[in-house]
Number of protein chains: 2
Amino acid sequence: MTKAHPTDTSHDHNLCIKEALENAQKVCTARGSRLTALRERVLELVWQSHRPIGAYEVMANLKQGNSKPAQPPTVYRALSFLVEQGLVHKLSSSNAYIGCHIPDKAHDSCFLVCSNCQTTIELDIPDIKQSLAAHAEQCHFSINYSNIELSGLCAECR
Amino acid sequence: MTKAHPTDTSHDHNLCIKEALENAQKVCTARGSRLTALRERVLELVWQSHRPIGAYEVMANLKQGNSKPAQPPTVYRALSFLVEQGLVHKLSSSNAYIGCHIPDKAHDSCFLVCSNCQTTIELDIPDIKQSLAAHAEQCHFSINYSNIELSGLCAECR
DNA sequence: ATATGAAGTGTTACACAATAACATTGATTA
DNA sequence: TAATCAATGTTATTGTGTAACACTTCATAT
């Protein structure tokens, strides 16, 4: 099931961020990968945004905040790391990044992106992946990675 | 069902292209939209490519061929028109365009993209769309447009 | 036929997205 | 502590897409 969404005023999003960062640390140490200060800061910025955030937006926020400013390659490297680790997903239809709620286990997700407010919900839909794999198999095609982005209107906006 | 793929040597792809162009004309006149010379030429270039083709690649091919050279806005406008009309789909994960086999009726598709040879198969999967809509509805989300891109290995490459 | 407005295309310049290549710093480990 | 590799800094460039305005072509009504 999906956790409360950032725009959901009924929850403390700061706590949400804090949990995500702590969880990320746990995940990384368990894997022997390093969540450096920069990477953690970028992850924090991604989580702070209430909608998918672009790389240049992350960069701008780094400059504004108390962090050391960074150039595009630095930001992209941090984001790539986070995506590799499954801590963050990239939405290719908007070139934007969003924090992952279930970074522990590898998974492909399905995203519901509101075309009005950009609020984005991540769904875990194993049954659909099964079904897609079956369809693909009929064409003798084997799926490695699935990118599913659905746009429409969220509960608030419709 | 899916038509023969461009890389399938058992079929005459030129015929394929010719049919697609004729069909496009039919569709457009039926709708009262105009498939101009430029738009038709761009559509032809998209179909000629044996894999999804980028906007700048289309532009380069226009310059090379006997067509009048064109600037980016011109090419993007033509491509946008073709996408609007459903004659062409855009793959957002690769910023590339591919001809649609079933332009007559509005539909969202699912694409199987080979990560080795970029061969791309378009699947029509109404059952999965149903299922996705049902999942979305549980979050009070209504889907307008679905973008499903699956990468993996095609029959040839695996 | 021809004026008129809308749709389409041309052109220039620019904004946004991403990476190549190389220098430097920081963290392990022999 | 020297050597090594991972991470970050830096500069420059490539790739993707659009804003804004000029010009042309097409459809239609008069």
Side-chain angles (χ1 to χ4, degrees), chain A residues 24-25 28-29 31-46 49 51-63 65-85 87-98 118 147 149, chain B residues 24-25 28-46 49 51-63 65 67-85 87-98 118 147 149:
Chain A
Q25 272 297 1
C28 285
T29 46
R31 287 178 193 158
S33 65
R34 295 170 49 204
L35 188 63
T36 63
L38 173 68
R39 289 166 173 173
E40 186 175 31
R41 178 75 180 117
V42 170
L43 180 58
E44 186 182 14
L45 288 172
V46 170
S49 172
R51 37 176 204 77
I53 185 175
Y56 279 72
E57 215 175 330
V58 168
M59 206 171 68
N61 291 353
L62 276 174
K63 286 210 178 79
N66 45 9
S67 322
K68 197 195 303 183
Q71 298 299 315
T74 302
V75 173
Y76 277 101
R77 283 189 289 232
L79 287 169
S80 299
F81 170 84
L82 296 171
V83 169
E84 272 166 27
Q85 298 294 321
L87 301 169
V88 157
H89 293 291
K90 176 172 186 180
L91 301 178
S92 63
S93 53
S94 56
N95 299 318
Y97 300 82
I98 185 172
Q118 275 69 58
N147 178 232
E149 298 172 30
Chain B
Q25 274 297 2
C28 284
T29 45
R31 286 177 194 159
S33 67
R34 294 171 49 205
L35 188 63
T36 62
L38 172 67
R39 289 165 174 173
E40 187 175 30
R41 177 76 180 117
V42 169
L43 180 59
E44 186 182 14
L45 288 172
V46 170
S49 173
R51 39 180 201 75
I53 186 175
Y56 278 73
E57 215 176 331
V58 168
M59 207 171 68
N61 291 354
L62 276 175
K63 287 211 178 78
S67 323
K68 197 193 303 183
Q71 297 300 315
T74 302
V75 174
Y76 277 101
R77 283 188 289 230
L79 287 169
S80 298
F81 170 85
L82 296 172
V83 168
E84 272 167 26
Q85 297 294 320
L87 300 170
V88 156
H89 293 292
K90 176 171 187 180
L91 301 178
S92 64
S93 54
S94 55
N95 300 318
Y97 300 82
I98 186 172
Q118 275 70 59
N147 179 233
E149 299 172 28

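In what follows, every chain begins at residue 1, and chains take the letters A, B, ... in the order their sequences are listed.
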J.: Looking at every heavy atom in both A:Leu79 and A:Tyr97, which two are closest together, and how far apart are they?
T.: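 Looking at all heavy atoms of both residues, the shortest contact is CD1-CE1, 3.6 Å.
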J.: Grab the CZ-P distance between A:Arg31 and D:dA6 for me, whole Å please.
T.: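 To the nearest whole Å, that distance equals 18 Å.
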J.: Could you check whether any side-chain heavy atom of A:Leu82 comes within less than 4.5 Å of a side-chain heavy atom of A:Leu35, counting everything from C-beta outward?
T.: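 Yes. Closest side-chain heavy atoms under 4.5 Å.
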J.: As a test of reading the structure: which of C:dT11, C:dT19, C:dT9 is closest to the side chain of A:Pro72, going by heavy atoms?
T.: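 Selected nucleotide (nearest to the side chain): C:dT19.
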J.: Can you check the A:Leu38 CG to D:dA6 C1' distance for me, whole Å?
T.: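 Answer to the nearest Å: 13 Å.
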J.: Among pairs that include at least one residue of residues 53-63 of chain A, which meet side-chain hydrogen bond (donor to acceptor under 3.5 Å, both in side chains), considering only residues two or more places apart or in two chains?
T.: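 Passing the test, one end in residues 53-63 of chain A: A:Arg51-A:Glu57.
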J.: Using side-chain heavy atoms (C-beta onward) and a distance below 4.5 Å, is B:Gln25 in contact with B:Glu40?
T.: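 Counting from C-beta outward, B:Gln25 and B:Glu40 do come under 4.5 Å.
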J.: Identify all pairs in which a protein N or O lies below 3.5 Å from an N or O of nucleotides 22-30 of chain C, and state each distance.
T.:
none

J.: Between P on C:dG8 and CD on B:Glu40, what's the gap in Å once rounded to a whole number?
T.: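 Answer to the nearest Å: 15 Å.
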J.: Please report, rounded to the nearest Å, how far the C1' atom of D:dA7 is from the CD atom of A:Gln85.
T.: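 Nearest whole value for this atom pair: 14 Å.
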J.: Between protein and nucleic acid, restricted to nucleotides 15-17 of chain C and to nitrogen or oxygen atoms under 3.5 Å apart, what atom pairs and distances do you find?
T.:
unit_1, atom_1, unit_2, atom_2, d
C:dA17, N7, A:Tyr56, OH, 3.2

J.: Show the nearest heavy-atom pair for residues B:Leu45 and B:Val58, with the distance to one decimal.
T.: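 Residues B:Leu45 and B:Val58, closest heavy atoms: CD1-O, 3.8 Å.
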J.: Closer than 3.5 angstrom, by distance alone: can the side chain of A:Gln85 be matched with the main-chain N or O of A:Cys28 as a donor-acceptor pair?
T.: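 Here the side-chain-to-backbone pair does not exist.
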J.: Using only atom types and a distance under 3.5 Å, with no angle test, would you say the side chain of B:Glu149 pairs donor to acceptor with the backbone of B:Ser92?
T.: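 Such a contact is found between B:Glu149 side chain and B:Ser92 backbone.
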J.: Rounded to whole Å, how long is the line connecting atom CZ of A:Arg39 with atom P of D:dA6?
T.: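 Atom CZ in A:Arg39 sits about 11 Å away from atom P in D:dA6.
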J.: For the pair made of CD in A:Gln71 and C1' in C:dA18, what is the distance, rounded to whole Å?
T.: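 The answer, rounded to whole Å, is 14 Å.
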